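Comments concern the structure below.
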Amino acid sequence: MGKKMELDSKHNQEQSSAFDPDALRAKYAEERDKRVRPDGNDQYQEVKGEFSYFVQDPYIENEIKRDPIEDEVEVVIVGGGFGGMLAGARLREAGVDDFRIIEKAGDFGGTWYWNRYPGASCDIESYIYFPLLEELNFIPKEKYTNAPETLEYCQLMAKKYKLHERSCMQTEVISAEWDESIGRWIICTDRKDRIKARFIVNSNGPLNRPKLPDITGINDYKGHTFHTSRWDYSYTGGSSAGNLTKLKDKKVAVIGTGATAVQCVPHLGETAEHLYVFQRTPSSIDVRNNTKTDPEWASSLESGWHAKRRNNFESFLAGVYQKEDLVNDGWTELFRNLFSAFRKRRPPKYKIATWAVSSVFSPKLYKLGFESYMREKFLNFVGMDNLMQEMEMADFEKMEQVRARADAVVEDPKTAESLKPYYRQFCKRPCFHDEYLQTFNKPNVTLVNTEGKGIDQITDKGIMFDGKEYEVDCIIFATGFEVGTAYTRRSGYEIYGRDGISLTDKWKDGLSTFHGMHSRGFPNCFFFGPQHSAFTANFTYSLDEQSIHLAYILKTALAKGINLIEASQEAEEGWIETIVEKARLTQDFQEKCTPGYYNNEGHPNVLAQNTFYGGGPIEFFGLMDRWRSDGNLKGLELSNK
Ligand code: NDP
């Protein structure tokens, strides 16, 4: 086996005796094939025109009345979610105060402003999900916080960084156009504002546009209907804590069983006269085990704990070896098990010493960054094939546990079987919940398993599936958000760069950026989001890193009197090559996955240029950090004209 670590075959045998890997592989492929559809993303329709009522804001208490604005600011930030707020916060820290955040909602919060459905909560640990915790000297009340506390935290952030005074709420950007003659962006809004800005930052959120299945009859339905991201409490009664008393005499249908449905279904099941849950693919429902924050632990935290914890969690998910698992939950379990298995089968000390010495003196170390370099070394040492094989085994083991949980919790064996996910844990967004599966034991709750097909039709009275009509008073769409559609369709406004070229046109054959943040032909324009950048489970981490990057660039530019920043042709082409090259690392995994927004609805191969940085977030953040340390804004063309 040469340099490669010898695998303990006994360990493998022990693992494989509990299940049959070949049978599981075949079952996963069979379940996937049932679900892949040629129409991919086109199976969904845009929520506009006759469907606009699905995206109206039900939360605005006082409509703002004001005259149109015609003025100029240094920076316009589009979007007041965590991305826009972090951009504002980091710009303030960098001494750039002349910015304006434009937000269509009634207040800050983004995802958390819109998603107020009963049970809404984050199952990324709140101690790492909330950004700027040390700056705000704040500790959330629980390990997994809920939506109201998250929204309250957004208010604290806004207060600390004085963001309200730099904001423009209930205002939707309709276009952004580069005016070459004055070197400014002209940003127009639905309130007839015309705002000039030297820089524009687009932070629209990756999951901001609700989607509906393209199914006949949605508008024929005569009952009540809404999307989970616009929860209608005037119809259901109750609050995000549940107690939906107005549903006591109502038959309700939920379409979808993703992370959102998993959280609201227990509350619907609690009160509805009858609840039908229409499932296409079951989610993986692992243990959540929420706990109150231990005040002693909170007071023991030392300066720098937050960055360390965030990095530790994301390293686990990216397979970057860590000695200790600080978050220690269902997200990190798979790699925790793997790392500890490898630790137990540690090679002789002299081999470790040789490995460490050769690592430290390698010139590649600086180029790749310490952690990704060590990861590469670790992979070479362990052997990529061995690692992949071990990971698959650990995954089978994990998912067997998840499936066994359905059997243990759900009384009716047929329903339990229907709720079992047959795919690898990270093919779809894993869910963690301690009341969802139990809901299916209630006599007033029915799981309608569509076996990967989805519902057939909506009628004036309810939902049709497999020749049966389910008559209901209310249909709730828990069908998620657009991901793989055109950027400007999701952002809701067009961006016109040099010579009037639109972003839609520029990106029609594939995403084209430098670092995911700049795009040639669109000077002084910055993009936030996971595309061509880091795809993180803990998305606020990525947004924070992008905000730090933005603030660094703007601070440097302004200090040097630079007025114009634009990606060079060469840098952009180089970045596309990197993205395509790195996409290969995840291609095989994605191809074998059941369809979902993680793999472009089962068509990952058409996506190589449009995907995120395949080397993982920790490698990406390291790359950006070293780019900033070099200090010369390499890859950007700069002008002080
Ligand atoms: P998802 O996209 O995850 O789920 C949409 C659901 O609708 C899927 O179950 C999908 O089935 C189903 N669906 C779509 N079309 C049809 C159809 N024609 N018939 C029947 N079912 C259909 O959206 P969510 O809003 O649940 O979650 C979006 C994301 O938001 C999550 O992935 C997560 O990132 C985030 N989130 C995080 C939470 C947390 O921290 N706990 C909570 C909520 C959301 P199929 O799987 O077959 O496509």
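As the structure lists them, so they are numbered: ligands from 1, and atoms in each ligand from 1. Computed from a prediction, not measured in an experiment: that's the story for all the values here.
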Non-hydrogen atom of Lys453 closer than 4.0 Å to ligand 1: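 Not so, Lys453 does not reach ligand 1.
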Gln43-Asp214 side chain donor-acceptor pair, cut-off 3.5 Å: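 No.
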When you measure from [atom] to every protein heavy atom, which one gives the shortest distance, and what is it?
atom: atom 14 (C) of ligand 1; value: Tyr44 OH, 3.4 Å
atom: atom 4 (O) of ligand 1; value: Gly258 CA, 3.7 Å
atom: atom 12 (C) of ligand 1; value: Gly256 CA, 3.6 Å
atom: atom 31 (C) of ligand 1; value: Tyr597 OH, 3.5 Å
atom: atom 35 (C) of ligand 1; value: Leu207 CD1, 4.2 Å
atom: atom 10 (C) of ligand 1; value: Arg280 NH2, 4.2 Å
atom: atom 9 (O) of ligand 1; value: Thr257 N, 3.0 Å
atom: atom 1 (P) of ligand 1; value: Gly480 CA, 4.1 Å

From Thr260, Val277, Val483, Asn115 - option closest to atom 44 (C) of ligand 1 by heavy atom: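 When every heavy atom of Thr260, Val277, Val483, Asn115 is considered, Thr260 comes closest to atom 44 (C) of ligand 1.
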Identity of the nearest option to atom 37 (C) of ligand 1, non-hydrogen atoms only, from Gln263, Arg288, Arg429: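 Shortest heavy-atom distance from atom 37 (C) of ligand 1: Arg429.
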Option among Phe426, Phe589, Phe535 that satisfies the ring pair (Phe, Tyr, Trp, His ring centres under 6.0 Å) test with Tyr598: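 The ring pair (Phe, Tyr, Trp, His ring centres under 6.0 Å) with Tyr598 is passed solely by Phe535 among Phe426, Phe589, Phe535.
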Full working for ring-ring contact (aromatic ring centres under 6.0 Å, His included) between Trp331 and Tyr129: CA-CA 13 Å; Trp331 285 94; Tyr129 182 73; over 10 Å; no
For Ser121, the option from Glu142, Arg288, Glu149 that meets side chain to side chain donor-acceptor pair (under 3.5 Å):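 The residue from Glu142, Arg288, Glu149 that satisfies side chain to side chain donor-acceptor pair (under 3.5 Å) with Ser121 turns out to be Arg288.
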Per-residue contact class, Tyr117 against ligand 1 - non-hydrogen pairs under 4.0 Å: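 Side chain only.
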Ligand 1-proximal atoms of Gln279, by part, heavy-atom distance under 4.0 Å: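 Neither; nothing of Gln279 gets under 4.0 Å from ligand 1.
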